[in-house]
Trainee: 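Before anything else, here's the structure in question.
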Amino acid sequence: MPTSPRRVLVHAPRGRDAEVIQGVLQLRGLAAELCQSRSDLLEGLKREGAEAAIVTEEEFTVTPDSPLHEWLGAQPSWSDFPFIVLTTRHTKRRSDSAQASLRAMGNVVLLERPVNADTLASAAEAAVRGRERQYATRRHLEELDQARATVDQLNRQLEDRIVARTRELAGANDRLMSEIAERERVQAALVQVQKMEAIGRLTGGIAHDFNNLLHVVSMNLELLARIAPEPKVEKIASQARRAVGRGSKLTGQLLSFARAQSLLPRMTDVNALLVGMQELIAVSAGTGVRLAFELCEGEAWAKLDPSQLEMAILNLVVNAKDATGGQGFIRITTRVREPSPASGEAAESRQVVVAVQDDGAGIPKALLTKVFDPFFTTKPVGSGTGLGLSQVYGFAQQSGGSTRIASEPGKGTVVEVSFPLVDAHREAEPADIAEDGELPVSGQRRILVIEDDEDVRRVIVESLQQAGHSVTAAADGAAGLARIAHSLPELVIVDYAMPGMNGAEVIRRAREWAPDLPFILATGYADMVEVGRILGTRSILTKPFDIGSLLRAVAEATQPLRGEPVGGRQDLPADSRGGARAPGPQRSAASAGSPEAGSREGRTEVS
């Protein structure tokens, strides 16, 4: 829009022409801006709002490539600036340059001098009206462009809404299909879990009965060898005991599968354990995997169940091998992590960290929060139980530690398992009773044996009597409690799995009136959560056991440790709610170090 209304530029530098023109224009209400030079005129043209220009031909020419020529050529499509050129009478034809100058101006009105004032004023008003029409055209074009822009914007918004709605519908459809697929997967997984649970219960029951049979055979062989110590009898008995040992290993594997064994925490040098496992790890990883061990300097001690740590490491190695397709790289490292004051960790909370890292396919971010969940697996149904990482997680939690996983698709995975670092000298445990040489002498003890299996009960009683102990027996929990109430023994040996009342319930009821009464729980299949709360792990005999193990357990149970009252034992660590921590996946001493037991335990692709 014009900055000053009806403004006309005047370039007539000679004489009084400019003042005369200015006066004529003022009479018609036009503002005249006098320009003394071409550059002044060009500046006036560049300023928004000039509506016409009156120039004298002899003083104003447009030469090619001049700034004025460039301005005229650069006018927008709506603009055709009007010029009124005052000419002198020509007796001959104008020169080519003069004609070119007039053509360059474009919109030109020629007035020959002397010009009448009314003619000049009328020409100026016509030029101004023409320029105003150009300004109106510009406004209309701008309004039209704005309207087109609005329509374009509305079209774009409509298209965006259509695209967004289409995307939402596609997403909803994808989610629906995903939910259907997930429901089918969950249903299939549920069937698999129910099947595995049923197999686990069946396996545990078989292991219990099988243990009792092995137990009777093993201890009777020992009794036979003690009663008839002839070399030939000893040779036959030894061969039979070796067969019992193989059966015991199989039982341990079945119990490991059934996840019904206790943790037996003890001081463990993690670095030494890994060094001893190198060959087993190499076999588990396979020949196509490159292994690297990077162990921290010095000893890294933690109080944990070493057999369960072995199983956890084997699970992680097998998972890493699966993630690399059996042709990748696995690094196993240890380090001592110092506490972080910024995160509020206590100064003494140093951790032993075991890490298993692979260069496999990695795990999507959305799955990282699920990998420790029991039964979660990315393998097809039937290819894994999904218990691998849940075993690792539960074992670490029960041992007072933690787990951490980091992964990125295409860049591999690292799983860290941390345990509290302990001082090997400060936390030194009492020496175990020697398993070789002479049996410990505990003196004659009054012992009650509670066992529902008649053959097992008889052989335990005979073994204890042969060692000089006074032994009474009961066939079930109720009868055993009645004998304890009638005559308090010095020690009770009780089986776990019995009809009516299991061994843990017997111990709990008996300690209501005899809290210091020591117990030994003999079992091959137990609810170790309940056993851990009642008895701890030191007073457990895993079936089948031999006479030497039985007598050593009796000697240990009846000899207080470091001033501890008779019956006091190391219980499982309590959680924040005051209860005992539930043991994680377990296996008996018979299956410790067994690669078969480790390979059966929940090998999942992402665990």
Trainee: Please walk me through it: do Leu517 and Ile484 pass side chain to side chain contact (heavy atoms under 4.5 Å, CB included)?
Mentor: CA-CA 10 Å; Leu517 178 63; Ile484 294 173; 4.1 Å; yes

Trainee: Distance from Asp358 atom CG to Ile330 atom CD1, nearest 0.5 Å?
Mentor: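 Answer for the CG-CD1 pair, Asp358 versus Ile330, is 6.5 Å.
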
Trainee: For residues 285-299, dump all side-chain donor-acceptor pairs below 3.5 Å to protein atoms at least two apart in sequence or in another chain.
Mentor:
residue, atom, partner, partner atom, Å
Glu294, OE2, Arg331, NE, 2.9
Glu299, OE1, Trp301, NE1, 2.8

Trainee: For residues Val270 and Ala302, report the shortest heavy-atom separation together with the two atoms involved.
Mentor: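 Minimum heavy-atom separation between Val270 and Ala302: CG2-CB, 4.3 Å.
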
Trainee: Return the minimal non-hydrogen interatomic distance between Pro518 and Leu491, and the atom names on each side.
Mentor: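 Result for this residue pair: O-CD1, 3.5 Å.
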
Trainee: Would you call Asp305 and Leu309 a side-chain contact if the rule is heavy atoms closer than 4.5 Å?
Mentor: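 Sidechains of Leu309 and Asp305: no contact.
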
Trainee: Side chain of Gln351, backbone of Val353: donor and acceptor closer than 3.5 Å?
Mentor: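 No.
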
Trainee: Of all heavy-atom pairs between Ile450 and Gly480, which one has the smallest distance, and what is that distance?
Mentor: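 For Ile450 versus Gly480, the nearest heavy atoms are CD1-CA, 3.6 Å.
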
Trainee: When you compare the side chain of Met501 with that of Asp476, does any pair of heavy atoms fall below 4.5 Å?
Mentor: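 Side-chain contact under 4.5 Å: no.
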
Trainee: Ignoring hydrogens and angles, tell me if any N or O in the side chain of Thr268 forms a donor-acceptor pair with the backbone of Arg266 under 3.5 Å.
Mentor: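 Checked: pair present.
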
Trainee: Check whether any side-chain N or O of Asn502 sits under 3.5 Å from a backbone N or O of Met498 as a donor-acceptor pair, and report yes or no.
Mentor: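 Checked: no pair found.
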
Trainee: Hey, could you give me the CD1/CD1 distance between Ile447 and Ile520, rounded to the nearest 0.5 Å?
Mentor: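 Nearest 0.5 Å value for the CD1-CD1 distance: 7.5 Å.
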
Trainee: Does any part of the side chain of Arg337, heavy atoms only, come nearer than 4.5 Å to the side chain of Glu416, both counted from C-beta?
Mentor: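 Sidechains of Arg337 and Glu416: in contact.
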
Trainee: Val422 and Lys303: which non-hydrogen atoms are nearest, and at how many Å?
Mentor: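 Answer, listing the atom of Val422 first, then Lys303: CG2-N, 4.1 Å.
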
Trainee: Donor-acceptor check, side chain of Thr324 to backbone of Gly360, threshold 3.5 angstrom: yes or no?
Mentor: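 Pair absent, no side-chain N/O of Thr324 close to backbone of Gly360.
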
Trainee: Taking all non-hydrogen atoms of both residues, which atom of Ile363 and which atom of Thr413 are closest, and how far apart?
Mentor: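 That closest heavy-atom pairing would be CG1-OG1, 3.9 Å.
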
Trainee: Just so I know, are the side chains of Arg404 and Val415 near enough to count as touching, which here means a heavy-atom distance under 4.5 Å?
Mentor: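 Of all side-chain heavy-atom pairs linking Val415 with Arg404, none is under 4.5 Å.
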
Trainee: Do you know the tightest heavy-atom contact between Leu541 and Ser549?
Mentor: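 For Leu541 versus Ser549, the nearest heavy atoms are CD2-O, 3.9 Å.
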
Trainee: Between CG of Leu464 and CG of Leu550, what distance do you get to the nearest 0.5 Å?
Mentor: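 Rounded to the nearest 0.5 Å, the CG-CG separation comes to 4.5 Å.
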
Trainee: Can you list the steps and then say if Val554 with His469 is a side chain to side chain contact (heavy atoms under 4.5 Å, CB included)?
Mentor: CA-CA 10 Å; Val554 169; His469 297 290; 4.1 Å; yes

Trainee: What distance separates Ile313 CD1 from Ser284 OG, expressed to the nearest 0.5 Å?
Mentor: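 The distance works out to 11.0 Å.
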
Trainee: With a 4.5 Å cut-off on side-chain heavy atoms, are Leu316 and Val417 touching?
Mentor: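 Contact flag for Val417/Leu316 side chains = yes.
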
Trainee: For the atom pair OH (Tyr496) and CD (Glu505), what is the distance rounded to the nearest 0.5 Å?
Mentor: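 Here the rounded value is 7.5 Å.
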
Trainee: With the side chain counted from C-beta on, respond yes when Gln466 and Leu223 share a heavy-atom pair under 4.5 Å apart, and no when they do not.
Mentor: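 Of all side-chain heavy-atom pairs linking Leu223 with Gln466, at least one is under 4.5 Å.
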
Trainee: Can you tell me how far apart CD (Gln397) and OG1 (Thr403) are? Round to the nearest 0.5 Å.
Mentor: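 Gln397 atom CD to Thr403 atom OG1 measures 6.0 Å (nearest 0.5 Å).
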
Trainee: Under the salt bridge (Lys or Arg N to Asp or Glu O under 4.0 Å) criterion, do Glu462 and Arg457 qualify, and how do the steps go?
Mentor: CA-CA 9 Å; Glu462 291 180 1; Arg457 183 173 66 250; over 6 Å; no

Trainee: Between Asn271 and Thr334, does any side-chain donor sit less than 3.5 Å from a side-chain acceptor?
Mentor: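 The answer is yes; a qualifying pair exists.
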
Trainee: With a 4.5 Å limit on heavy-atom distance, are the side chains of Arg511 and Phe519 in contact?
Mentor: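 With C-beta onward as the side chain, the pair touches.
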
Trainee: Could you check if a side-chain atom of Ile281 sits within less than 4.5 angstrom of a side-chain atom of Leu314, using non-hydrogen atoms only?
Mentor: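 In contact.
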
Trainee: Around atom CZ of Phe419, are there more than 12 heavy atoms from other residues, nucleotides or ligands closer than 6.0 Å?
Mentor: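 Yes, because the 6.0 Å sphere around CZ of Phe419 holds more than 12 heavy atoms from other groups.
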
